[in-house]
2 protein chains.
Amino acid sequence: MDQKPIFIEMSLKSWNAQVKSTNKLLDELSDEALLYEVSPGRNRVIYILGHLIAVHDNLLPLLGFGERLFPSFGEIFITSPDKSSHIFPPVSELRENWKELNSVLSAHFERMSTDEWFSKHAAVSQADFEKDPTRNKLNVLLNRTAHLAYHLGQMILVKGSVKD
Amino acid sequence: MDQKPIFIEMSLKSWNAQVKSTNKLLDELSDEALLYEVSPGRNRVIYILGHLIAVHDNLLPLLGFGERLFPSFGEIFITSPDKSSHIFPPVSELRENWKELNSVLSAHFERMSTDEWFSKHAAVSQADFEKDPTRNKLNVLLNRTAHLAYHLGQMILVKGSVKD
């Protein structure tokens, strides 16, 4: 059995902790609560959830795991803002997509070798990577962990809302 | 000159990126905007700023750098919720405290050796640390980076508010 270096273990623990907190929040929020804005005039929780799915789905090609599972989501949840003319998938479907994607990503993460974690991700050129070897796959995980925490801090604001 | 291992460099870059984004936001927000709630009935930006100062101030003893700079903040900004009976320091003072603390922490972080980063922090016993060596100082940095991102995601919601 491959013994993971401690910093990879720590990075994965940090990612998993944010995913777990997000799952816990989503379990606590009703489908109706997912339609609330996190603050007046700001994004709705459903948009943020779709955005997280789209951004995490991009990890599949970025980290060399394969094709996106939800290729249409980038246009709806990254390129377009909330309350665009796009029709969103139903809340129940997004909840399932989120879970499915997490388990696919987890399986890939667990299988990765140390050398793979420190290899270049797909969005950086070989020349740029040689100039700055921190632009590796583990760094993408650290950045996406902070990105998830950022949006979790927003989604949690609707919890216990009077409308909920 | 000590060459930092790449994962320490990555962890510090991730921390610095969140601090930089927070500084940028604080520079953009008026003193009045800091008194807004991030969402109706939720914490005000000023409380979150005080909370971040208090939590980061705790890093000084936790990582073995010395005594807290603002020992009274824990009671006001961690133990107590926002809108308690506590009188907050003036906004201008909190802005200065935040900057001062960041530069003190940065100076300590830059000086730390790899062994120090992987040594136990002050809140874990030697026995527990031996059972789980991920409970080290670098792990605290990763956790606080996510904690900062979480609250940054909230504070940014008042940006461009109609009242601002």
Side-chain angles (χ1 to χ4, degrees), chain A residues 3-22 25 36-43 45 48 51-52 114 117-119 129 132-163, chain B residues 3-22 25 36-43 45 48 51-52 114 117-119 129 132-163:
Chain A
Q3 170 78 32
K4 268 188 229 313
I6 192 167
F7 43 90
I8 292 178
E9 200 186 323
M10 287 155 55
S11 305
L12 284 171
K13 267 175 85 166
S14 180
W15 165 265
N16 288 331
Q18 295 302 322
V19 169
K20 195 177 164 186
S21 299
T22 306
L25 174 67
Y36 299 161
E37 293 171 333
V38 298
S39 187
R42 303 297 172 189
N43 291 327
V45 178
I48 297 177
H51 174 73
L52 290 171
T114 306
W117 277 117
F118 286 101
S119 68
F129 179 65
D132 182 1
T134 67
R135 300 178 71 176
N136 55 48
K137 293 175 181 178
L138 189 63
N139 202 48
V140 172
L141 184 72
L142 292 183
N143 290 342
R144 291 309 178 276
T145 300
H147 177 260
L148 176 52
Y150 177 98
H151 287 299
L152 175 58
Q154 298 178 330
M155 294 191 293
I156 211 159
L157 295 171
V158 307
K159 196 179 144 180
S161 156
V162 284
K163 297 177 287 179
Chain B
Q3 170 77 33
K4 268 189 226 317
I6 191 166
F7 43 90
I8 292 178
E9 199 186 324
M10 286 155 53
S11 305
L12 284 172
K13 267 175 82 166
S14 181
W15 164 268
N16 288 331
Q18 296 302 323
V19 170
K20 194 177 164 188
S21 298
T22 305
L25 174 66
Y36 299 160
E37 293 170 332
V38 299
S39 186
R42 302 298 173 188
N43 291 328
V45 178
I48 297 176
H51 175 72
L52 289 171
T114 305
W117 278 117
F118 285 101
S119 68
F129 179 65
D132 181 1
T134 66
R135 299 179 71 177
N136 55 48
K137 293 176 180 177
L138 190 62
N139 203 47
V140 173
L141 184 72
L142 293 183
N143 290 342
R144 292 308 179 278
T145 301
H147 177 261
L148 176 53
Y150 178 97
H151 287 298
L152 175 59
Q154 298 177 330
M155 293 192 292
I156 211 160
L157 295 171
V158 307
K159 194 178 144 181
S161 155
V162 283
K163 296 176 288 178

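Only this structure's heavy atoms are used, side chains among them; waters, hydrogens and symmetry mates stay out. In what follows, chains carry the letters A, B, and so on, assigned in the order in which the sequence lines appear, proteins first and then strands, with residues in each chain numbered from 1.
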Query raised in the report: Heavy-atom distance under 4.5 Å to chain B: side chain of N136(A), backbone, both or neither?
Result: side chain
Could you measure the distance from the [atom1] atom of [X] to the [atom2] atom of [Y]? Nearest 0.5 Å is fine.
| X | Y | atom1 | atom2 | result |
| --- | --- | --- | --- | --- |
| I6(B) | F7(A) | CD1 | CZ | 9.5 Å |
| H151(A) | Y150(B) | NE2 | OH | 14.0 Å |
| Y36(A) | S39(B) | OH | OG | 12.0 Å |

Query raised in the report: Looking only at atom types and distance, does a side-chain atom of T134(A) sit under 3.5 Å from a main-chain N or O of M10(B), one as donor and one as acceptor?
Result: no
Report summary line: Closest non-hydrogen contact found for G153(A) with Q154(B) is O-NE2, 2.7 Å
**Report entry** Non-hydrogen atoms of R42(A) and G160(B) that approach each other most closely
**Finding:** NH2-C, 4.1 Å
Query raised in the report: After noting the C-alpha distance and the side-chain angles of V38(B) and V38(A), does the key distance pass the side chain to side chain contact (heavy atoms under 4.5 Å, CB included) rule?
Result: CA-CA 9 Å; V38(B) 299; V38(A) 298; over 6 Å; no
Query raised in the report: Out of L138(B), T145(B), N143(B), which one racks up the most heavy-atom pairs below 4.5 Å with chain A?
Result: L138(B)
Query raised in the report: For chain A, which of L148(B), N43(B), I156(B) has the most heavy-atom pairs under 4.5 Å?
Result: I156(B)
**Report entry** Heavy-atom pairs under 4.5 Å with chain B, option from S14(A), P133(A), A17(A), S11(A) with the top count
**Finding:** P133(A)
